[in-house]
Protein chains: 2
Amino acid sequence: MDTVQLEGKLADLRAWTPTQCTIARALDVVGTRSAILIMREAHYGTTRFDEFARRVGITEAVAAARLRELVDAGLLVKEPYREPGQRTRHEYQLTDMGRDLLPALTALMQWGDAYLADGKPPLVLTHAGCGAPVHAEVRCTEGHAVDLPDILVAPRPRR
Amino acid sequence: MDTVQLEGKLADLRAWTPTQCTIARALDVVGTRSAILIMREAHYGTTRFDEFARRVGITEAVAAARLRELVDAGLLVKEPYREPGQRTRHEYQLTDMGRDLLPALTALMQWGDAYLADGKPPLVLTHAGCGAPVHAEVRCTEGHAVDLPDILVAPRPRR
DNA sequence: CCGTATCCACAACGATACTG
DNA sequence: CAGTATCGTTGTGGATACGG
């Protein structure tokens, strides 16, 4: 890409209004600490109200509010179930939308592991297929692993 | 992995205290909307104080506070520079620590694109090498693309 | 252009008590 | 077990005015 093209891209980028930014929209849904940590817990397999509250370290009031919002937004579903001989209970299960947040959670955890852990990262994700550790990475659709300096940020071309 | 092992892992997981969670630590640094959006802008090439404030849509007071925190945390550096004939100005540049946040930002954007955009995602990242779009994904160190249901979450084994 | 200072509003959260 | 209700505190951010 020559200089003229590059300057054109840059001009487009500056004209682009941040309100349509999907990061900002994502933050409208999972922009609070408690929401992120609840989603983390859900991925760890937590399904019950008081487990969320206890393990995330938030009060029941906050847990109730956040869980309701996350259900409303479609990241979790609240489903009744009953074990034999027990009364009906409810559990919060991940939807596809909630499950698809895992790359973001993984990437965040990795970054925290790299720069903010005192010692060794306390938790690893492993691939059930081969047992190898799992990590988030950035790749292009051609399959090339992409180094961060090799990424161009540009507004989607108009058609 | 058999059932006994799996239950062992699960027991470990329940005993694991969330305070050491590096996601929580990451949120101590970039847990606010403005911090995330400022880091997004930095990746888009924004370097100047008032550009951050304007493009993120926050007041100068908030921009000043957040930029100071991000510099203190090591995600940005504030550097003096001068163009010929101009007085000295300052610019905020990404550090390695800040740059390494890109996978998390990319993953978040992707998730927003998938579930929260009205139409087409407004922005794409492309690989400078081949021009193909770039996306965040989860892989194991063996190089296998990992489907989300195939991920095991487990505490790091003690040594 | 690059901020600082002040004041105010509201949202997020913790603590505590209480209910089906 | 799964919440609701209420209160107080802090954090995040907007508005406005001002200073190097």
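Just so we're on the same page: letters track the sequence lines, and every chain starts at 1. Model, not experiment: these values are computed from the prediction.
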| note | Whole-Å distance, B:Ile58 CD1 to D:dG11 P, equals 18 Å
| field | Gap in Å between the two C1' atoms, one belonging to D:dC18 and one to C:dC1, rounded | value | 15 Å
| request: Answer yes or no: is there an ion pair linking A:Glu137 with A:Arg139, defined by an N-O contact shorter than 4.0 Å? | output: yes
| note | Atom CG of B:Asp50 and atom P of C:dT4 are separated, to the nearest Å, by 13 Å
| query | Among the nucleotides C:dC2, D:dA2, C:dG14, which one has an atom lying closest to any side-chain atom of A:Val62? | reply | C:dG14
| Which nucleotide in the set C:dT4, C:dG14, D:dG13 lies at the smallest distance from any side-chain heavy atom of B:Arg68? | C:dT4
| field | Minimum heavy-atom distance between B:Leu105 and A:Ile23, given as atom pair plus value | value | O-CD1, 3.9 Å
| message | Mind checking if B:Ala61 touches a base, just sugar-phosphate, or nothing, with heavy atoms under 4.0 Å? | response | base
| query | Rounded to the Å, how far apart are B:Leu67 CG and C:dC2 P? | reply | 11 Å
| query | Atom CD of B:Glu69 to atom P of D:dG13: distance rounded to whole Å? | reply | 9 Å
| So does B:Ser34 get a side-chain nitrogen or oxygen closer than 4.0 Å to the phosphate oxygens (OP1/OP2) of D:dG13? | yes
| task | Take A:Met97 and B:Trp111, measure what side-chain contact (heavy atoms from CB on, under 4.5 Å) needs, and give me the verdict at the end. | result | CA-CA 8 Å; A:Met97 184 184 184; B:Trp111 184 80; 3.8 Å; yes
| query | What nucleic acid atoms does B:Thr32 come within less than 4.0 Å of, heavy atoms only: base, sugar-phosphate, or nothing? | reply | sugar-phosphate
| request: Find the distance B:Arg54:CZ to D:dG14:P and express it as a whole number of Å. | output: 15 Å
| D:dC1 phosphate, OP1 or OP2, under 4.0 Å from A:Tyr92 side-chain N/O | no
| Protein-nucleotide distance (B:Glu91, atom CD; C:dC1, atom C1'), rounded to Å | 14 Å
| field | D:dG3 phosphate, OP1 or OP2, under 4.0 Å from A:Arg48 side-chain N/O | value | no
| query | To the nearest Å, how far apart are A:Arg66 CZ and C:dA12 C1'? | reply | 7 Å
| Does A:Arg33 put a side-chain nitrogen or oxygen below 4.0 Å from OP1 or OP2 of C:dC13? | no
| Counting side-chain heavy atoms from C-beta on, which of D:dG14, C:dG3, D:dG3 comes nearest to B:Thr59? | D:dG14
| First encountered from the 5' end of DNA chain D, between A:Arg89 and A:Ala65 | A:Arg89
| Ignoring hydrogens and geometry, is there a side-chain-to-backbone donor-acceptor pair from A:Thr47 to A:Gln93 under 3.5 Å? | no
| C:dC2 and D:dA17, which share atom name C1', separated by this distance in whole Å | 15 Å
| message | For a quick test of reading the model, state the closest non-hydrogen atom pair linking B:Ala73 to B:Val29 and the distance between them. | response | CB-CG1, 3.7 Å
| query | Atom CZ of B:Phe52 and atom C1' of C:dC1: how far apart are they, to the nearest Å? | reply | 15 Å
